Protein chains: 2
Amino acid sequence: MKLPVSTEWLLHCAASLAQLKSGDTASAAQLAQYFDLPAAYLAKQLQALVKAGVLAATTGPRGGFRLARPASEITLLQLVEAVDGASSPYECREIRQQGRGALPAEECRTPCILAEKMAEAHRAWRRSLAATSLADIVAALPPSAPSRTRLRLTGAP
Amino acid sequence: MKLPVSTEWLLHCAASLAQLKSGDTASAAQLAQYFDLPAAYLAKQLQALVKAGVLAATTGPRGGFRLARPASEITLLQLVEAVDGASSPYECREIRQQGRGALPAEECRTPCILAEKMAEAHRAWRRSLAATSLADIVAALPPSAPSRTRLRLTGAP
DNA sequence: ATTATCTCGGACTAAATAGATCCGCAATGT
DNA sequence: ACATTGCGGATCTATTTAGTCCGAGATAAT
């Protein structure tokens, strides 16, 4: 059970975008340079966030990425599931209905208890991530961070 | 973020072993037949549970696997982490200290907030799984299950 | 309006990991 | 002694992840 390494990249990228002035953008190349990441691969992952609707992209000179919504309305869960997918890590394939020990379909009207417990754990994980927004992250940074980020990321103070 | 398919196998195998009479064993071949699973691969995964200390194995004829401890002292978390490893799905590589936007080491004395939040979610997941034991699982089964499992799995009533 | 340039966007390739199998060895009970 | 079972290693394949490349489209200066 492993999240892609790009998860960290995108969380930090999104947090950085949240520190820009509203309407301002940063290009994939700028973000890649800012964190020293492979630019092409980062660009690909940023597209996933666009498709998921948490980022908006504008093409052409002076274009780039920005948050699609206020930072307070973007949760860590939305970011993580945008890059990794929203499916549960545990997939019940109903092996209780297979093989020599197969249960009659009649006893399988209620979902498998093991699958239930695993799903419950996943819900706890999602709930925890959904409780934090990008605005919370930015608020926890030192007050000097946003202006420095703007300067070093886009070159604008 | 995906758990191996063998996770489901081992959870069900452990639950089945929990229904045997104390001291009784089931072989890898019996378990594979019981759920219609690839025997060789299942055997390999069962070894992981032995190494993790939740199962005990005896070789030789009439040998096989049994629970290493009472079912009430084996949690779903222990089983899942035995097969998948106990490492967190999110790995912080401190990219905040790399590239053009690198923070001075002085500002990185406190751990990255994003890593903290991800770790917190993982703790919530682990806590949820640790709250359920194999005994809880067996108790939720219909009362007729244990004797049927014993019959169909090992051939003993 | 045109052109030069900068951006995203999707197609494509390579490396890593999971899934699965097989064989020989050690141990145990009949 | 022999059949049965777990254990560990070597091997092979397939899927996923990581990473690169080039083209379509939009913008801004000329």
Side-chain angles (χ1 to χ4, degrees), chain A residues 1-10 13 17 23-33 35-66 68 80 82-85 87 89-91 93 95 154-155, chain B residues 1-10 13 17 23-33 35-68 80 82-85 87 89-91 93 95 153-155:
Chain A
M1 195 180 50
K2 229 181 42 182
L3 286 168
V5 292
S6 46
T7 309
E8 182 185 8
W9 306 355
L10 293 175
C13 285
L17 292 177
D24 237 353
T25 66
S27 72
Q30 284 174 320
L31 288 165
Q33 211 175 22
F35 291 114
D36 190 25
L37 301 174
Y41 188 39
L42 175 64
K44 188 192 184 90
Q45 304 299 329
L46 285 166
Q47 291 169 29
L49 293 210
V50 173
K51 258 192 285 189
V54 309
L55 294 190
T58 60
T59 68
R62 307 262 331 142
F65 297 92
R66 66 177 189 280
V80 169
V83 55
D84 188 57
S87 60
Y90 180 86
E91 187 182 353
R93 302 195 183 178
I95 67 171
T154 66
Chain B
M1 193 178 52
K2 228 180 41 181
L3 285 169
V5 291
S6 46
T7 308
E8 182 184 9
W9 306 354
L10 294 175
C13 284
L17 293 176
D24 237 353
T25 66
S27 72
Q30 285 174 320
L31 288 165
Q33 209 174 21
F35 291 116
D36 190 25
L37 300 174
Y41 190 39
L42 174 65
K44 197 184 190 75
Q45 304 300 325
L46 285 167
Q47 292 173 27
L49 293 211
V50 173
K51 257 191 288 188
V54 309
L55 294 190
T58 61
T59 68
R62 306 265 329 143
F65 298 93
R66 66 177 188 279
L67 300 187
V80 169
V83 53
D84 186 57
S87 61
Y90 180 86
E91 186 182 354
R93 303 194 184 177
I95 67 170
L153 177 58
T154 66

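Note that this is a predicted model, so its numbers are computed, not measured. Here is how names work: the chains are called A, B, and so on, in the same order as the sequence lines, proteins then strands, and each is numbered from 1.
Atom pair A/Leu37:CG and D/dG19:P shows a separation of 10 Å (rounding to whole Å applied). Distance, B/Leu42 CG to C/dT21 P: 11 Å, rounded to whole Å. Taking atom CH2 of A/Trp9 as the reference point, atom C1' of D/dT17 lies 11 Å away to the nearest angstrom. Atom-to-atom, CG of A/Leu55 to P of C/dT7 comes out at 17 Å; the value is rounded to the nearest Å. With rounding to whole Å, A/Lys2 atom NZ is found 11 Å from C/dA16 atom P. Counting to the nearest Å, the P atom of D/dT16 and the CE atom of A/Met1 are 18 Å from each other. Between the P atom of C/dT17 and the CG atom of B/Leu3 lies a distance of 17 Å, rounded to the nearest Å. Atom pair B/Gln45:CD and C/dT17:P shows a separation of 17 Å (rounding to whole Å applied).
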What donor-acceptor contacts under 3.5 angstrom involve side-chain atoms of residues 51-67 of chain B, with partners at least two apart or in another chain?
residue : atom : partner : partner atom : Å
B/Thr58 : OG1  : B/Gly64 : N            : 3.4

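Taking CD of B/Gln33 as the start and OG of B/Ser27 as the end, the distance is 8.5 Å to the nearest 0.5 Å.
The ring pair (Phe, Tyr, Trp, His ring centres under 6.0 Å) check on B/Phe35 picks up B/His12, with sequence neighbours excluded. Applying the salt bridge (charged side-chain N to carboxylate O under 4.0 Å, His left out) criterion to B/Arg93, with sequence neighbours excluded, gives B/Glu91. For A/Pro38, the side chain to side chain contact (heavy atoms under 4.5 Å, CB included) criterion is met by A/Trp9, A/Tyr41, not counting sequence neighbours. Judged as a side chain to side chain contact (heavy atoms under 4.5 Å, CB included), and not counting sequence neighbours, the contacts of A/Asp36 are B/Gln98.
Comparing A/Arg62 and A/Pro38 along DNA chain D, the residue whose closest nucleotide (by nearest heavy atom) sits nearer the 5' end is A/Pro38.
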Distances for protein N/O vs nucleotides 6-11 of chain D N/O pairs under 3.5 angstrom?
residue : atom : partner : partner atom : Å
D/dG6   : OP1  : B/Ala28 : N            : 2.9
D/dA10  : N6   : B/Lys44 : NZ           : 3.4

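The side chain of B/Tyr41 contributes no N or O atom lying less than 4.0 Å from OP1 or OP2 of C/dT21.
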